[in-house]
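In this text the structure is predicted, and so the values were computed from the model without any measurement.
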Amino acid sequence: MTREPSRRQFLKTSVALMAGSVLAGKLSDPAGVLAQDQAPGAVWKKRITGADLDTNRRWKVAGTDLGIPYVLENGSIGYLFGDTFDQPWPESGSDWRAPVMLRSNIHPSAPSGIVFDSAAKVLGNGRAPEILDINAHGDPNRGDWPQHEISCIPNDGISFPETGRQIVSFQSINRWNPSPWRSRYATLAYSDNGNDFIRVPNLAWWNTESNEDPFQMWTMQRDGEWVYIFSVRSGRQNGPMMLRRVHWKAMFFPASYQGWGWNGTNWGWGRPCSPILTGWFGEPSVRKLTDGTWAMCYLNGQTGNIVSRTASGPDRIWSKEKTQVTFQQEPNLYGGFIHPWSARGINNLHLMVSKWTHDPNNPRVSTAYHVSQYVGTL
């Protein structure tokens, strides 16, 4: 499988557009409480990936993005990275693989910040391979849908101490250009040893060729017996955010998923999904904090900033947005994934923020492609 060079120009163009005010679409929510909080947001703490760091020296993870953190079955944290290379920039196409997982048991509030201690499928040091089995690629097939897959990009991960199993949600990417990029489908892969992830056979939430399916980019959070799934369209485009839930033992059975919907009178479970928010969403990230607060972050495509919201529960009213990381702080930013050990209180929110910038005189040349840790307050 070869790397599609068109993604380089795509991300530069799409993120630059996001920063402008000319983008169509207006964020809203059922309670109509959108106005952004202008209180100070998050600040940069450290860069956690790069050609000059241990991620490259130990595991050949130089240029990469995302870094989605989730709790592993042993209580440590796994970080899911997207398109990964052993050189700083994607242009090289050198040793491309996706997704890759690094791990850490260091609390993000430590003075040193996040420090990785291992990589999935690696004993000690050595090249970190992609974690998905080869059968994940291009499968399942459907006769009325383009079969071309160029990457598998992670959405989120979750684990179950009762069984020791981990489950990763990912997208099969069909194209990067023309914008917005498009997935073929979203699906799940599981691992019972924490290293080898197997795609669940014959399981797919198919996108439409018009790229309008709102169940492609997922974030997952368990609460009791239920796993709550917030999802949006692929491609960081304008559209709805949907909420579903499923019993943690039934994640491989689509018929078991319950939608959160409005029937014209009230909200309830077991209905067709109704939008809980609408807007220009990047990848969503939702985590339940130790005090019971639910926190959400995403890239607001209208402003080009990463924002947060809070709620008392997954199916409660979400607060107005608070700006956490601005386009001025981190040009061409995306992501904003919440560390599961984040909490309420000053400087207790920890975010993984991606940056991909290009030479303004030569858009085919990258100048940054990495993940940084930001620290803020909900």
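- Using modelled atom types, one side-chain atom of R309 and one backbone atom of S319 make a donor-acceptor pair closer than 3.5 Å.
- In this model, a donor atom of one side chain and an acceptor atom of the other lie less than 3.5 Å apart for N211 and N207.
- Between L102 and F81, some side-chain heavy-atom pair lies under the 4.5 Å cut-off.
- I346 belongs to no hydrophobic cluster, as no Ile, Leu, Val, Met, Phe, Trp or Tyr side chain comes under 4.5 Å of its own.
- Between E283 and R236 there is a salt bridge, since at least one side-chain N of the basic residue sits less than 4.0 Å from a carboxylate O of the acidic one.
- Hydrophobic clustering (side-chain heavy atoms under 4.5 Å, transitive across Ile, Leu, Val, Met, Phe, Trp, Tyr) groups M241 together with W226.
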Let's go through E91 and R364 carefully: what are the C-alpha distance in whole Å and the side-chain angles of both, what is the deciding distance for side chain to side chain contact (heavy atoms under 4.5 Å, CB included) to 0.1 Å, and is it a yes or a no?
CA-CA 8 Å; E91 283 81 3; R364 298 183 68 83; 5.6 Å; no
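- For the residue pair D213/T208, the side-chain donor-acceptor check at 3.5 Å is not satisfied.
- Checked against the 6.0 Å centroid threshold, Y257 and W205 count as a close aromatic pair.
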Go through the steps for T64 and T55 under the test side chain to side chain contact (heavy atoms under 4.5 Å, CB included), then give the verdict.
CA-CA 10 Å; T64 192; T55 57; over 6 Å; no
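- Under a 3.5 Å cut-off, the side chain of R222 and the backbone N or O of G224 do form a donor-acceptor pair.
- The closest side-chain heavy-atom distance from N348 to S342 is not below 4.5 Å.
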Could you go through R165 and E73, starting from their C-alpha distance and side-chain angles, then the distance that decides it, and tell me whether this counts as salt bridge (Lys or Arg N to Asp or Glu O under 4.0 Å)?
CA-CA 7 Å; R165 172 167 286 183; E73 80 290 343; over 6 Å; no
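- Residue Y374 is tested with Q324, K46, Q329, E330 for a side chain to side chain donor-acceptor pair (under 3.5 Å); the sole match is E330.
- Distance CD1/I48 to NE2/H370: 10.0 Å, rounded to 0.5 Å.
- Side-chain heavy-atom separations under 4.5 angstrom define the hydrophobic clusters, and V43 shares its cluster with no other residue.
- A distance of 8.5 Å separates OG in S234 from CZ in R175, rounded to the nearest 0.5 Å.
- For A120, the side chain to side chain contact (heavy atoms under 4.5 Å, CB included) partners two or more places apart in sequence, or in a different chain, are M101, R103, I131, N195.
- Within the 4.5 Å cutoff, the side chain of K45 has no heavy atoms near those of the S372 side chain.
- Within the 4.5 Å cutoff, the side chain of L378 has heavy atoms near those of the L289 side chain.
- Residues meeting the salt bridge (charged side-chain N to carboxylate O under 4.0 Å, His left out) test with R127, sequence neighbours left out: D95.
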Is there a side chain to side chain contact (heavy atoms under 4.5 Å, CB included) between T310 and K322? Walk through the geometry before answering.
CA-CA 9 Å; T310 58; K322 176 178 179 178; over 6 Å; no
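- Checked against a 6.0 Å centroid threshold, the rings of Y70 and W218 do not count as neighbours.
- Side-chain contact check for M217 versus R233: every heavy-atom pair is 4.5 Å or farther apart.
- The two residues L243 and P314 have their closest heavy-atom pair at CD2-O, 3.3 Å.
- The cluster map of Ile, Leu, Val, Met, Phe, Trp and Tyr, joined by side-chain heavy atoms under 4.5 Å apart, puts Y298 and F327 in the same cluster.
- The one candidate from W269, Y228, F230 that meets the ring-ring contact (aromatic ring centres under 6.0 Å, His included) condition with W260 is W269.
- Between the side chains of T293 and D291, a donor-acceptor pair is found at a separation under 3.5 Å.
- The nearest pair of heavy atoms linking R287 to P340 is NE-CG, 4.0 Å.
- The closest side-chain donor-acceptor pair between N155 and Q171 falls under 3.5 angstrom.
- When every heavy atom of C152 is checked against every heavy atom of E149, the shortest pair comes out as SG-OE2, 3.6 Å.
- No donor-acceptor pair closer than 3.5 Å links the side chain of T84 to the backbone N or O of V61.
- Applying the side-chain hydrogen bond (donor to acceptor under 3.5 Å, both in side chains) rule to K288 yields the partners D223; only residues at least two apart in sequence or on another chain are considered.
- Once rounded to the nearest 0.5 Å, the distance linking CG of D86 with CG of N56 reads 7.0 Å.
- Using a 4.5 Å heavy-atom cutoff, the side chains of Q221 and W294 are in contact.
- With S354 contributing its side chain and L66 its backbone, the two residues share a donor-acceptor pair below 3.5 Å.
- Pairing each heavy atom of I167 with each of M220, the nearest pair is O-CE, 4.0 Å.
- Cluster annotation: L277 and V232 are assigned to the same hydrophobic cluster (Ile/Leu/Val/Met/Phe/Trp/Tyr, side-chain heavy-atom contacts under 4.5 Å, transitive).
- L80 and W96 fall within the same hydrophobic cluster, where Ile, Leu, Val, Met, Phe, Trp and Tyr residues are linked whenever their side-chain heavy atoms come under 4.5 Å apart, directly or through other members.
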Please list, one pair per line, the donor and acceptor atoms closer than 3.5 Å that link side chains of residues 107-115 to other protein atoms, with sequence neighbours excluded.
| residue | atom | partner | partner atom | Å |
| --- | --- | --- | --- | --- |
| H107 | ND1 | S109 | N | 3.0 |
| H107 | ND1 | S109 | OG | 2.7 |

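- The shortest distance between side-chain heavy atoms of V375 and H350 falls below 4.5 Å.
- Here the straight-line distance linking atom CH2 of W341 with atom CD1 of I77 works out to 4.5 Å at 0.5 Å rounding.
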Yes or no on side chain to side chain contact (heavy atoms under 4.5 Å, CB included) for T377 and L349, after CA distance, side-chain angles and deciding distance?
CA-CA 5 Å; T377 302; L349 174 65; 5.8 Å; no
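- R245 places no side-chain N or O within 3.5 Å of a backbone atom of G259 that could act as its donor or acceptor partner.
- Taking the ring centroids of F197 and F170, they lie at or beyond the 6.0 Å cut-off.
- The backbone N or O of V286 sits less than 3.5 Å from a side-chain atom of T219, completing a donor-acceptor pair.
- The closest donor-acceptor contact from the side chain of N263 to the backbone of N266 lies under 3.5 Å.
- Annotation for Y79 and S104: closest pair CE1-CB, 3.9 Å, computed over non-hydrogen atoms.
- For the residue pair M242 and C273, the shortest heavy atom distance occurs at SD-CB, 3.7 Å.
- A donor atom on one side chain and an acceptor atom on the other are found under 3.5 Å apart for T357 and T367.
- Residue W356 is tested with W89, Y369, Y334 for a ring-ring contact (aromatic ring centres under 6.0 Å, His included); the sole match is Y369.
- The shortest side-chain heavy-atom distance between F215 and R244 falls under the 4.5 Å cut-off.
- Both I158 and L203 are assigned to one and the same hydrophobic cluster, defined by single-linkage of ILVMFWY side chains at heavy-atom distances under 4.5 Å.
- Interatomic distance, CG of L132 versus OG of S191, reported as 10.5 Å (0.5 Å rounding).
- Q87 CD to S92 OG: the interatomic distance, rounded to the nearest 0.5 Å, is 5.0 Å.
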